[in-house]
Amino acid sequence: MTQRPTLLSVTDLRVGFPDGPKGRETLHAVRDVSFDLAEGEVLALVGESGAGKSLTARVLLGMAPPAARTSGSVRFRGRELLGASRSGYAGLWGRHVAFVPQDALSVLSPVHTVGDQLAAAVRSVRRTGRAEARAAAVAALDRVGIADAARRAGAYPHEFSGGMRQRAVIAMAMINEPDLVVADEPTTALDPDVQEQVLGLLASLRETTGAALLLVTHDLDVVARHADRVLVLYAGETAEHGPVERVLGRPRAPYTAGLLASLPPGEPTGSRLLPVINGSPPTLREASSSPGCAFAPRCPLAADPCRTRRPTPSEVDAGHLVSCHRLTDVPDVPTCLFQPGGNG
Amino acid sequence: MTPLLDVRDLTVRYPGRNRRSAPVRAVDGVSFEVSAGETLALVGASGSGKSSTAAAVLLLRRPDGGEVWFDGRELTALDEAALRAVRPAVQPVFQDPYGSLSPRLRIRDALAEPLRVQKRWDPVAGPARVAELLDTVGLDQRLADRRPHELSGGQCQRVGIARALASEPRLLVLDEPVSALDPSVRAGVLNLLVGLQERLGLAYLFICHDMAVVRHFAHRVAVLSSGRIARTTTARALYPTGTARPKTAVDTRKAAAT
Ligand code: SF4
């Protein structure tokens with residue numbers, strides 16, 4: 001891969017929420033997360049519910065919940081965004097950065113036609129006449145494969161099917177040719193076939209415009225198909241980070257290995273049982289109060305240092321970072337650390 | 001062996017959009033069988049009739065046509081009183097573990113409720129039965145005093161399964177039981193269901209949109225399309241072959257291993 005200029009640079013990002021008497025303490029939901037995103041690149045943020053992946057994406061978009069306490073740095077083309085005022089974000093929104101949520105209805109207004117909303121998006125960043133904006137809206141719907149776009153532009157969001165609505169949201173996100181698209185579980189609510197169509201559409205639009213994509217997902221198959229690099233979050237911390245072929249192909253973090261091991265195999269096997277990660281992810285409070293590795297209660301390799309010190313990411317290979325105290329003891333095929341069990 | 005569940009020519013209609021339009025056939029002449037100890041998966045896109053079929057098997061509503069036979073009896077011919085006696089044997093497990101439990105009830109009461117409703121609650125044997133149910137689904141006894149919101153998604157779904165087991169069912173209708181769960185938790189719940197099936201000889205009607213899970217978990221698969229069964233096949237036959245299929249995370253792992 002050729003070296004492309006950095007578009008987005010996140011350093012030591014922490015996101016916490018007030019806790020304790022008078023909110024003087026902070027429970028951290030995201031801890032010391034760092035990554036760079038190059039122009040045109042696709043980075044997947046993966047993790048289970050509560051791992052902090054959506055929250056990270058929202059902080060980048062300036063959409064953190066009001067109570068959130070953030071620290072660290074988020075730079076877009078060198079400009080610091082963390083702590084920037086609403087107007088600081090306003091210049092980026094729509095023009096340079098676009099958002100595709102899981103639920104299309106959270107960004108589409110029910111009382112305006114799809115065409116009007118797309119046209120308004122165009123006019124929010126460019127001075128164009130109504131007719132011209134309208135034509136751009138219809139063309140954008142056409143590009144995302146909505147048949148009879150001129151007529152459909154006059155429809156309201158509720159008149160679209162789920163898949164069509166998500167296409168319309170993508171049309172809206174891409175209409176001003178942004179440099180960065182942040183997509184938060186963009187297809188989770190759709191049927192599997194429609195999921196692939198919508199993700200394929202997003203990929204082809206990205207190729208034509210050269211936009212980078214930050215893809216938040218819990219689906220490792222989606223990562224395998226659509227991302228260049230992946231950052232695996234566990235309990236708000238980086239477990240593993242690197243090129244997709246390395247992280248999914250030769251995982252080094254026990255947590256990544258456990259996730260991969262628990263997927264149904266791609267071919268028939270003798271056993272109907274799947275390997276599991278025992279236990280369940282820590283609550284925010286548990287993760288905040290433990291001094292050690294957040295994965296230690298579930299990790300088959302956990303040893304003394306794991307319970308007293310947090311591991312920090314270290315490079316095991318070019319661009320491949322892993323947070324684990326016992327890196328040298330992780331077996332070559334680490335998925336074999338996990339055995340079938342039913343009572344996790 | 002006669003099948004435990006035998007669905008013949010099932011038809012479910014819904015009223016059309018307005019008074020003049022014809023009723024919509026959500027399920028249009030669907031037939032299938034499920035034996036004890038067997039898992040039949042129903043797959044298909046949304047609107048293909050999976051959920052309507054499940055609702056008809058649970059007799060949540062009477063079908064508009066066709067017959068549902070269970071354990072040699074025609075359920076569709078029974079009156080409400082006779083049905084009540086059969087109902088405990090056919091239990092649902094739903095997708096949303098939080099939504100299917102009452103937020104106010106402690107877990108022990110949620111598990112006792114089916115026994116109380118069926119007038120089978122006994123002050124001595126009851127609590128022991130609740131403890132046994134928690135054990136069966138791999139939950140710590142200490143969770144009995146908690147309420148659903150204090151449990152993780154996976155724990156809640158185990159409670160949902162325990163609640164279904166309280167009625168000593170022979171068939172579970174599993175409606176997307178693992179779709180809301182994280183992958184690491186999903187595997188444990190699927191293993192639990194496999195173990196229960198092997199131990200208790202339960203029959204499963206399994207609705208799921210994730211084909212990787214279906215292939216692994218089901219014995220046979222009925223593919224629904226527009227309210228009809230397009231084909232019924234073994235789950236094994238559904239493993240994709242060739243290179244035309246979409247790449248998965250498991251492929252990446254295998255490619256790196258060779
Ligand atoms: S640091 Fe220890 S507990 Fe954490 S993943 Fe590594 S071996 Fe497991």
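Chain identifiers are assigned alphabetically (A, B, ...) following the order of the sequence lines, protein sequences preceding nucleic acid strands; residue numbering begins at 1 within each chain. Worth saying up front: this structure is predicted, and the values here are computed from it rather than measured. Values below: every heavy atom of this structure, side chains too, minus hydrogens, waters and symmetry copies.
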Top of [options] for chain B proximity - count of heavy-atom pairs under 4.5 angstrom:
options: A:Asp332, A:Leu190, A:Asp191; answer: A:Asp191
options: A:Ser271, A:Gly50, A:Pro268, A:Pro264; answer: A:Pro268
options: A:Pro281, A:Gly258, A:Gly249; answer: A:Gly249

Distance-only polar pair, side chains of A:Glu245 and B:Thr252, donor-acceptor under 3.5 Å: no
To the nearest 0.5 Å, what is the distance between [atom1] ([X]) and [atom2] ([Y])?
X: B:Ser184; Y: A:His218; atom1: OG; atom2: NE2; result: 11.5 Å
X: B:Asn191; Y: A:Leu274; atom1: CG; atom2: CG; result: 5.0 Å
X: A:Leu273; Y: B:Phe217; atom1: CG; atom2: CZ; result: 10.5 Å

How close do [X] and [Y] get, counting heavy atoms only, and between which atoms?
X: A:Pro192; Y: B:His209; value: CG-O, 3.1 Å
X: B:Val250; Y: A:Gly266; value: CG1-N, 4.0 Å
X: A:Ser262; Y: B:Pro183; value: OG-O, 3.6 Å
X: B:Val194; Y: A:Arg272; value: CG2-O, 3.8 Å
X: B:Ala249; Y: A:Asp221; value: N-OD1, 2.8 Å
X: B:Ala187; Y: A:Pro275; value: CB-O, 3.6 Å

Which bit of A:Arg298 comes within less than 4.5 Å of chain B, counting heavy atoms only: side chain, backbone, both or neither? side chain
What part of B:Ser48 lies closer than 4.5 angstrom to a heavy atom of chain A: side chain, backbone, both or neither? neither
Decide if atom CZ of B:Arg228 counts as having more than 12 heavy atoms of other residues, nucleotides or ligands within a radius under 6.0 Å. no
Looking at B:Ser179, B:Ala212, B:Gly153, B:Ala235, which one has more heavy-atom pairs under 4.5 Å with chain A than the rest? B:Ala212
Do the side chains of B:Arg186 and A:Leu263 get nearer than 4.5 Å, heavy atoms only? yes
